[in-house]
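A quick write-up on the structure given underneath.
Here is how names work: the chains are called A, B, and so on, in the same order as the sequence lines, proteins then strands, and each is numbered from 1. Being a predicted model, the structure only gives us computed values, none of them experimental.
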Amino acid sequence: MSDALSKDQIAKLIADDIPQGAFVNLGIGQPTLVADHLDLERGVVLHTENGMLGMGRAAVGDEIDEDLINAGKIPVVETPGASYFHHADSFAMMRGGHLDVCVLGAFQVSVRGDLANWHTGAPDAIPAVGGAMDLAIGAKDVLVMMTLFAKDGSSKLVEDCTYPLTGLACVSRVYTDHGVFKITDEGVRLREAYGATMDELRERTGLDLLD
Amino acid sequence: MSDALSKDQIAKLIADDIPQGAFVNLGIGQPTLVADHLDLERGVVLHTENGMLGMGRAAVGDEIDEDLINAGKIPVVETPGASYFHHADSFAMMRGGHLDVCVLGAFQVSVRGDLANWHTGAPDAIPAVGGAMDLAIGAKDVLVMMTLFAKDGSSKLVEDCTYPLTGLACVSRVYTDHGVFKITDEGVRLREAYGATMDELRERTGLDLLD
Amino acid sequence: MTDVLEADGAADEAVADVPDGATVLIGGFGAAGQPIELIDALRRHGATDLTVVNNNAGNGDTGLAALLKTGHVRKIICSFPRQSDSWVFDDLYRSGRIELEVVPQGNLAERMRAAGAGIGAFFSPTGVGTPLAEGKEERTIEGRDYVLEYPIRGDYALIKAHTADRMGNLVYRKTARNFGPVMATAATTTIAQVVDVVETGALDPENVVTPSIFVDKVVLL
Amino acid sequence: MTDVLEADGAADEAVADVPDGATVLIGGFGAAGQPIELIDALRRHGATDLTVVNNNAGNGDTGLAALLKTGHVRKIICSFPRQSDSWVFDDLYRSGRIELEVVPQGNLAERMRAAGAGIGAFFSPTGVGTPLAEGKEERTIEGRDYVLEYPIRGDYALIKAHTADRMGNLVYRKTARNFGPVMATAATTTIAQVVDVVETGALDPENVVTPSIFVDKVVLL
């Protein structure tokens, strides 16, 4: 049995599944690690929802320009063939289904692909959604990158989300430290397990995972 | 009593009512005559709905460029400070009420400012609307330029339009060879008569014109 | 990923997979921005039962008019079919051989924009109280009347731009821009004919009008 | 007609007529495109009972945060109020001294676009089935679910562009473009601060991002 995957290994796995030439949005946080494994000069084109296609890596030193940032407000560089556009055009691009892939973090994903990633549901939390709901419905393939289990050991892949929803039936694949899961009409199919057996994952998630 | 106005005189009258700095769309046909009386270099800015602000006069000789035409498909020139944009942005500009003035021709205008200018209602006519309905609702002031009477002598300023409508309650002033009419909540007010007395106009239009 | 086609017959190659029954958005306003070589290629290709979306319904005997004349266009959606030289369309229409949907020009543009932007439907201020709103849902919002309009999606868009880079970013020229940028967003497959192709990086990112994500094939003519 | 204000105190002069109770759209995403001098001028101006529309709800103690701290903002409409350094807003919100409407970022942009484009309302794919759609009209169109969203109009828009010409045409710089072009269309009065003013005719008409029709005042800073 292989080991459970590190964040970086999950990111590599996702990057390997993204076809050359794809237009991709990487959500804030862990999904940005995927960029380290993509060819941003000639292959994959990154979209950042604050108004750019062709986003490059994080800027360093003299490259830092406060007018050139990504959705996480990190300074970045531009790649050849980049373009800038305003927010309404940028979100129209997302909402119109033009992005090939979007990679998002999650608190929970349901077996039907419902996504919860914007709000813990804590009664005193100040709600803040940003572009999460637009991203959830805004790509041909919405991939989730997360640990399979929460700190309390509970599965984040669930029958029904208990956290407030970000989008309904929007996730197509879930990449975790313990396995890659495909959301299908028949149910959740485990593509590969890491650091656990299929049966162990069935038991710990409490889900009828398909082979 | 002054003479009835020529088309060119009507155009001059309209131009004189357009304030410096206004953004203006001139409809196809007679309204284009208004441009001859406007200062397009430093004063009024013309919009053409096929995607330009800062349209200039008709192009002549070597200036003719098939990529630079107005909504009537006539080659034009560009003025300093011009800008180009696509059709959705152009019509958003109109429909959002950003134009100050639009000047249109008409078959009929009703006393409530309803406009009929796109379709004769003839049963065998092929319907064609273009931007007429967008222009009708697309400016702060919609001015109509027309002869007051049709060839058969009937008034084109009417109680109710009998031609198919272009827009409801959208016209603010009607400029004709025989007078300038303001559409108000109280009724149609004659601003000035040409080549006819107020009483003659009341009789020939059959309308209770206000003084 | 955008294919750049430059060889002889590139226009024919670009449209070779347009199936019968497709909805094809065709750019241009008058001659400006009309992708005439792509239209000619589509005519030669011979797909039938097409729905065509264009501002007009063809002029003279060339371009869109020639395509209509083949009888391969089942329906046209446009704002202004009747022109002094639209005899091909006029004849087809009067003899009942083509279906016509007349749409106010702003609704035409906005309905394609909605298709490209994932909008399900929108309340438009244009056409209220007119014959073109008959049978459509109306609603008064904050004292103003609107009519509900639905997206117009294309299977293909054939457009003309001025310059493309090798990634498929496009810039246009003057009023030839017209419907191109909107149609590019509204079609599953967008084919742009251009007069110039430059290396990736040669277009200023600030000035790109149609980002490469909306462009599937570039045909250099 | 666009006024170009260049003298000392131009920012203060530009916002001097913002009345109490106004809705003010404020551009920027992070520091990029934030019209900080106009925000400061609005704070000094002292209009009260404001509704502010911005992507966020202020950072640190400057700019929008400083404006909020005056207590003159009754309500904020934004997509992402909670940030590591949004303590001014957090405190106002938790103590019930500011009203919050959280809007998904794409709906925020599209609702302002709708205001500028004369759209009465639109069916959005974003937010369906989530707490942010509660109480809103939903509809299924061609098998997809949508929620009905209404325009957000501003009395004023305060934005930051890079260069203006003397007519008020604007170009932006990189991702600082963000909400500026949309907000410019959605407000009755748009005030743009810029770092450069050039003569009319010096901007290429192909590259103008915000045409002068949307700009009422330019403030050179």
* B:D124 atom CG: more than 12 heavy-atom contacts under 6.0 Å -> yes

* More than 12 heavy atoms of other groups within 6.0 Å of B:D208 CG -> no

* **Proximity breakdown for C:V103 and chain B, heavy-atom pairs closer than 4.5 Å** => backbone

* Structure fact -> Of the listed C:M112, C:H162, C:M183, C:R144, the one with the largest count of heavy-atom pairs under 4.5 Å with chain B is C:R144

* **Polar contact flag, side-chain donor to acceptor under 3.5 angstrom, C:N59-B:K73** => no

* **Portion of C:L100 that has a non-hydrogen atom of chain B nearer than 4.5 angstrom** => side chain

* Is the number of heavy atoms from other residues, nucleotides or ligands under 6.0 Å of B:D152 CG greater than 12? -> yes

* To do: Name the member of B:D65, B:T166, B:D89 that forms the most heavy-atom pairs with chain C at distances under 4.5 Å.
  => B:D65

* To do: Please round to the nearest 0.5 Å and tell me the distance separating atom NE2 of B:H119 and atom CZ of C:R82.
  => 7.5 Å

* Option in B:L165, B:V76, B:V129 with maximal non-hydrogen atom pairs under 4.5 Å from chain C -> B:V129

* To do: Please state whether the side chain, the backbone, both or neither of C:R94 comes within less than 4.5 Å of a heavy atom of chain B.
  => side chain

* To do: Check for a donor-acceptor pair, side chain of C:T175 on one end and backbone N or O of B:I69 on the other, with a separation under 3.5 Å.
  => yes

* Asked: Just how far is it from atom CG of B:N50 to atom CZ of C:R177, taken to the nearest 0.5 Å?
  -> 12.0 Å

* Residue among C:S86, C:P131, C:A31 with most heavy-atom pairs under 4.5 Å to chain B -> C:P131

* **C:G106 to B:D134 - nearest heavy-atom pair and separation** => N-OD2, 2.7 Å

* Side chain, backbone, both or neither: which part of C:Y93 has a heavy atom under 4.5 Å from chain B? -> side chain

* Should we say atom CD of C:E137 is surrounded by more than 12 heavy atoms from elsewhere, each under 6.0 Å from it? -> yes

* Got a second to check how far C:Q105's CD is from B:L135's CG, nearest 0.5 Å? -> 8.5 Å

* To do: Using a 4.5 Å cut-off on heavy atoms from C-beta on, say whether the side chain of C:T126 contacts that of B:F91.
  => no

* **Interchain contact, C:N107 with chain B, by part (heavy-atom threshold 4.5 Å)** => both

* To do: Identify the heavy atoms of B:G130 and C:F80 that sit nearest to each other, and give their distance.
  => N-CD1, 3.3 Å

* **Nearest-0.5 Å distance that lies between atom NZ in C:K174 and atom CG in B:L68** => 5.5 Å

* Tell me, out of C:P104, C:A109, C:C78, who's got the most heavy-atom pairs with chain B below 4.5 Å. => C:P104

* Answer with side chain, backbone, both or neither: which region of B:Y84 has an atom nearer than 4.5 Å to a non-hydrogen atom of chain C? => both

* Asked: CD of B:E49 to OG of C:S79: how many Å apart, nearest 0.5 Å?
  -> 9.5 Å

* Asked: Around atom NZ of B:K7, are there more than 12 heavy atoms of other residues, nucleotides or ligands at under 6.0 Å?
  -> no

* Asked: Which one of C:D90, C:V128, C:L132, C:N56 has the most heavy-atom pairs closer than 4.5 Å to chain B?
  -> C:L132

* To do: State whether the number of non-hydrogen atoms from other residues, nucleotides or ligands found under 6.0 Å of C:E6 atom CD is greater than 12.
  => yes

* **Structural part of C:R113 lying under 4.5 Å from a heavy atom of chain B** => side chain

* **Under 4.5 Å from any heavy atom of chain B - which part of C:Y172** => neither

* To do: Can you label the angle between the B:H87 ring and the C:F179 ring as parallel, tilted or perpendicular, going by 30° and 60°?
  => parallel

* Contacting region of B:D114 [heavy-atom separation from chain C under 4.5 Å] -> neither

